[in-house]
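Accompanying notes for the structure given below.
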Amino acid sequence: MNAVYDPHKVEADAQQFWHENESFRATESADGEKFYCLAMFPYPSGRLHMGHVRCYTLGDVINRYHRLKGFNVMQPMGWDAFGLPAENAAIKNDIPPAVWTKDNIAYMRSQMQRLGFGIDWSREFATCDPEYYHWEQWLFLRLYKKGLVYRKNSVVNWDPVDQTVLANEQVVDGRGWRSGAVVERREMAQWFLKITAYAEELLSELDEMDGWPESVKSMQRNWIGQSQGVEIDFAVQDSEQTLTVFTTRPDTLLGATYVAVAAEHPLAQIAAEQDSGVADFVAQCKQATTAEADMATMEKAGVATHLKVTHPLTGDLLPVWVANFVLMEYGSGAVMSVPGHDQRDWEFASKYGIPIVQVVEPTGDEACDIQVEAFTEHGRLVNSGEFDGLEFDAAFDAIADALAKRETGRRVTNYRLRDWGVSRQRYWGCPIPMIHCNDCGVVPVPEADLPVVLPTDVTFEGVSSPLKKMQDFLDVKCPGCGAAARRETDTFDTFMESSWYYARFASPDANTPMVDDRVNYWAPVDHYVGGIEHAILHLLYARFFYKLMRDEGLVESNEPFKRLLMLGMVLQNGKKMSKSAGDAGDPQKLLDKYGADTVRTAMMFAAPPDQSFEWSEAGLEGAARFIKKLYALVEDHTAGGTVPSLEVAQLRDDAKDLRRKTFETLMRADDDYGRRLQFNTVVSSVMELCNAISRFEPENASDRAVVDEALKHAVLIISPIAPHVAHHLWHRLGEAEALVTASWPEVDEQALTQSTVEIVVQVNGKVRGKIDVAADADKDEVLSLAKGADNVARHLDNKTIRKEIVVPNKLVNIVVG
RNA sequence: GCCCAGGUGGUGAAAUUGGUAGACACGCUGGUUUUAGGUACCAGUGAUAGAGAUAUCGUGUCGGUUCGAGUCCGACCCUGGGCACCA
C-alpha cells in the first residue's frame, strides 16, 4: 500500500530542512546574478488575512522561480509597525501599543513560517525599532538643512469633543466616529517635505520604467498632474494686494466674470471681518471634512464679497466670491471663473445669477449654446477685442504675451501634486526630531542626540497622545541657547517608514547613516509585489525618498523598484479586507485542515494576480485533490522500481505525446512565471500534465522512463507554488540533492515537433469542420482537404466561393455568396 | 465628481499577436467501488431545438470596423481601487 499524503508531516520536514540548511539566507558573495524579490511588508494588525496570504505567496513564487533560474535571491520580511490601529487597540483594551504590536508580530511571523515562505529572516526588523527610525530622523534633519523641509499651516479634521485630530477614515458622514461630534476643519502648523521639487523627475522618469504596469504609471502621471498654463495677477481694488490665479485656459481670460477663493484664503478672512454673511459662509465651510472626494461631490456653494479685483487686460472690476469647492491646498487657493467655457463655473454662475459671456466659438459645425451649457472645447476667440479670430494655440500665446508685457502674468508649469505633510498629532509614530524654544523658535535636535526615542511605557487617558503629558519626554534643553525648551510631540506619517524600508533590508544592521554599501549590491528591488491600493501614495513617496537618499549619496540608482506586480484585492463582501471590516478570511483553520501547499495552490489557482476577487473556500477541495493526485502518481510510479534511461528513438506515439505535453507544460510555465506573471495557468497546465500522466498506461521500460521525466518536470514546475510536497516528491523520484538547489530544465525542442496538426475549417466565419493535415502541408493541399471535409462540403454546395483565407497551422475560412 | 481597472456558463476562471469561446477546476447529475457516509474512479454538464447528426443563439448594453471581434473603435450601464491623516 502506498504512503498516504500527510501535509503536516511533509511540510514540517521540508521547513526543518530549509531552516537547518539556511536555504534562504542571502549573501552578497553567492553565485549568480542578484535578484531582490520583495512583497510589501504588512502592518501587524493581529493575524494574517487571505489578502496577505495571496501577496506573500505570489512573492514567494517569484522568489523560488528565480532561484531555479540560477539567481542569487534575497527575499526579506519586516513590519510596518507604527500606525493608528495600535492606538485604537490601546484605548479599547488598555494595552500599550508597543506590547500589542510586538505580540501581533510574533503571531503573524509564525503564520508566515507555517506558510513556508522562503524568507531570509535574519534581515527582519520593525519600523518601531529605534535602530530603524533613528535614520529616518537623521535623514529628516539632513533635508531640513537642505531646505527640503518646511513648516506651514494646513487643515486637519478636528473633533471638538474629543479635542483631537481625526484621520479621514475616522470621520463618518462628517462626524467623529467615537464622539459623534460634527468635525471641524482647523488649521495647524505642520511639517512638509518638498516633494514638488522632484515633481518633474518623478514624472519624466515614468517613461523609462518598462517594468511597471501602464495603469500605475498612468495613475501617477495624472496624480502629479503637470500642466502648462499662465499665472495671472488680479489687483485687489483699494488695496496693495494682488490675487494670483493659475489657468490652463488663458485664451478664455476675456470671458472671466468673477474670481473665487477658498474659505481659508486671506481675502476671505478679510471679507468675513467686514460682512457677517461672508463670515457665516466661511464658518459653514469649516463644518466639512478635509477629504477631497467629499469636496468634489458636495453641492457647490458660494457667497459674494464686497471685494473687487481688476481684470488685467480690460481693467473691468470683477467680484470676488468665496466658494466651497476651491482648495486652499491647491495652487494659490484662488481661481478665475469663466462660466462660458467651464462647466463647474457655468453651474455656479447659473445658480447665483453671475453673467455668462461667450469668448470662444467652435471652429467646426458643432452645436454651441452657452445658455444651455458651457462650451469647453478649444475653438476660435470672439468678444475678445484684439484677440478675436485666434485659435487656441495662437490665443494662448497672444494673451500670455500681453500679460507678460504688462507684468501681470507669466507662463508657468504647474503641478497638481502638493507637498507632503508629514506631521501627525499621534503617539504611535516616529518622533519628529525638533525642539521648540521660546527664544530660538524651532531648533533641530543635534545629530549626536539621535535617535529621539519614543517612550513605550505609556497609558492612554482618553484619546489624545500620551506624549503631551510625559514631562520626561517633553523637557529638553534648547540646543541653541541651553534654556528650558519643549520637544515636538507630533510624529511622522507612517508612509515615511514605508518609503525606505526596502533599502534598509540590504543592510539592516548598518550604523553608518541609514544604509551601507551592501545596498548598492541589492538595490534596486528587482521585483516588487503589492496591492493595487498602493499604486499612488506609497509608491510615489517611496520613489521620492529613494531620490532623496540618492542625493545624499546613499544609493546609486534613480528608481527603487525595477519591476512591479500590482495585485488585485482579495475582497470580502465586495470590499477590501481590513481591520475595520472584521477578521474574516483567517487562513489559520485552513492551514490546520489542508496544510500550506493546498492553501497556497488554491490561492494561486483562484485568479490571475492583477485581478480582484471575492475570497471563497470553494477552491480548496480542488487544490487538495490535485496535490493528492500528484502525490499518488509519484507513489504509484516509484512502486514500479528502477527506471531505465530514456531512449527517445524507440518511443511509441502515446509516449511521444506525453513527452510533448511535458515540454509544452515546461515552456508555458516558464513564460507564465517569468514574463506573464500569471500563475493560475501554471497550476492548470500542471493539472493537465498530471491528467495526461494518469491517462497514460506504461507498457514497457521506455514508457516508465517517459513517466519519470514527466513527473520530475511536474514536481519541479509546481514547486514554487507548492514547495513542501515538491521537496518531498523530488527525493521520492530519486533525486539526492534538495529541490531548492535544482535548476530550471531546458526544453527538448525535438520533443515538441508534431507531424500533423488539426486545422479548423470555417464557412462564412462559422466552424463547420476540423481536418488533420501534415504540419508542412502547403496552402492548396490544406484548402482542398478543407473543402472535402463532410460538413464543410455540405455548406459549400451550390454556393460561389468569394474568398479563401488560410492561416497556417490554424484555420481556413471560406467565404461564399 | 476626477483618475485607474474590471464585467465571459450555476461558480472561480482560460482563450498570450484579431483566428475553434468556456481549457483547468468547483458545483451539480448519473454510474462503479463501499454495510452506510466519506474517499477514489468513470461519464455527462453554456442556452434552445433535436433520438442523434446537426442547427440557431451566446463573452455587461447599444452601435461600428473586419472574411473573422471576448480581443480593435465610439457611446453608455454596473462593480472594485485611489483621491493626499486606514495601511
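In what follows, every chain begins at residue 1, and chains take the letters A, B, ... in the order their sequences are listed. None of these values were measured; they are calculated from a predicted model.
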>> Tell me the interatomic distance from A/Asn809, atom CG, to B/U17, atom P, rounded to whole angstroms.
In response: 19 Å
> Should the pair A/Phe561 and A/Tyr528 be assigned to parallel (<30°), tilted (30 to 60°) or perpendicular (>60°) ring geometry?
Replying inline: parallel
> How far, in whole Å, is B/C76 from B/C83 if one measures between their C1' atoms?
Replying inline: 24 Å
>> Distance check, P atoms only: B/G80 and B/G27, in whole angstrom units.
In response: 28 Å
> Is the distance from OP1 or OP2 of B/A87 to the nearest side-chain N or O of A/Thr494 less than 4.0 Å?
Replying inline: yes
>> Under 4.0 Å, counting only non-hydrogen atoms across every strand here, what does A/Trp223 touch: a base, just sugar-phosphate, or nothing?
In response: base
> When we call it a touch if two heavy atoms are under 4.0 Å apart, what does A/Ala535 touch: a base, just sugar-phosphate, or nothing?
Replying inline: nothing
> What integer number of Å spans the C1' atoms of B/C85 and B/G10?
Replying inline: 44 Å
> Choosing from B/U54, B/A87, B/U56, which nucleotide comes nearest the side chain of A/Asp80?
Replying inline: B/A87
>> Strictly by Watson-Crick or wobble contacts shorter than 3.5 Å, is anything paired with B/U65, and which nucleotide is it?
In response: none
> Contact class for A/Phe626 (heavy atom, under 4.0 Å): base, sugar-phosphate, or nothing?
Replying inline: nothing
>> Is there a side chain to side chain donor-acceptor pair (under 3.5 Å) between A/Trp212 and A/Gln220? Walk through the geometry before answering.
In response: CA-CA 11 Å; A/Trp212 281 40; A/Gln220 294 217 343; over 6 Å; no
> Do you know which of A/Tyr56, A/Tyr501, A/Trp79 makes ring-ring contact (aromatic ring centres under 6.0 Å, His included) with A/Phe41?
Replying inline: A/Tyr501
>> On the nucleotide B/A15, are OP1 or OP2 found under 4.0 Å from the side-chain N or O atoms that A/Arg676 carries?
In response: yes
> Looking at A/Arg768, does any N or O in its side chain come under 4.0 Å of the phosphate oxygens OP1/OP2 on B/A55?
Replying inline: yes
> Given B/G82, is OP1 or OP2 found less than 4.0 Å from the side-chain N or O atoms of A/Asn222?
Replying inline: no
> Is a side-chain donor or acceptor of A/Thr489 paired with a backbone partner of A/Leu467 at a separation under 3.5 angstrom?
Replying inline: no
> Checking all strands, does A/Leu84 fall into the base, sugar-phosphate, or nothing category for heavy-atom contacts under 4.0 angstrom?
Replying inline: sugar-phosphate
> Which is true for A/Gln611 with a 4.0 Å heavy-atom rule: it touches a base, it touches only sugar-phosphate, or it touches nothing?
Replying inline: sugar-phosphate
> To the nearest Å, how far apart are A/His49 NE2 and B/C86 C1'?
Replying inline: 12 Å
> So what does A/Val767 hit on the nucleic acid, given a heavy-atom distance under 4.0 Å: a base, only sugar-phosphate, or nothing?
Replying inline: sugar-phosphate
> Tell me: CE of A/Met569 to P of B/G6, nearest whole Å?
Replying inline: 16 Å
> Once you round it to whole Å, what is the distance between P of B/C85 and CD of A/Gln170?
Replying inline: 13 Å
> Relative to the ring of A/Trp500, is the ring of A/Tyr132 parallel (under 30°), tilted (30 to 60°) or perpendicular (over 60°)?
Replying inline: parallel
> Would one find a side-chain N or O of A/Lys810 under 4.0 angstrom from OP1 or OP2 of B/G68?
Replying inline: no
> What does B/G6 pair with, Watson-Crick or G-U, if both distances are under 3.5 Å?
Replying inline: B/C78
> Roughly how many Å is it from CG in A/Asp345 to P in B/G1, rounded to a whole number?
Replying inline: 18 Å
> Looking only at side-chain N and O atoms, does A/Asn680 come under 4.0 Å of OP1 or OP2 in B/A14?
Replying inline: yes
> Does B/G9 adopt a syn or an anti glycosidic conformation, taking syn as a chi angle within 90° of 0?
Replying inline: syn
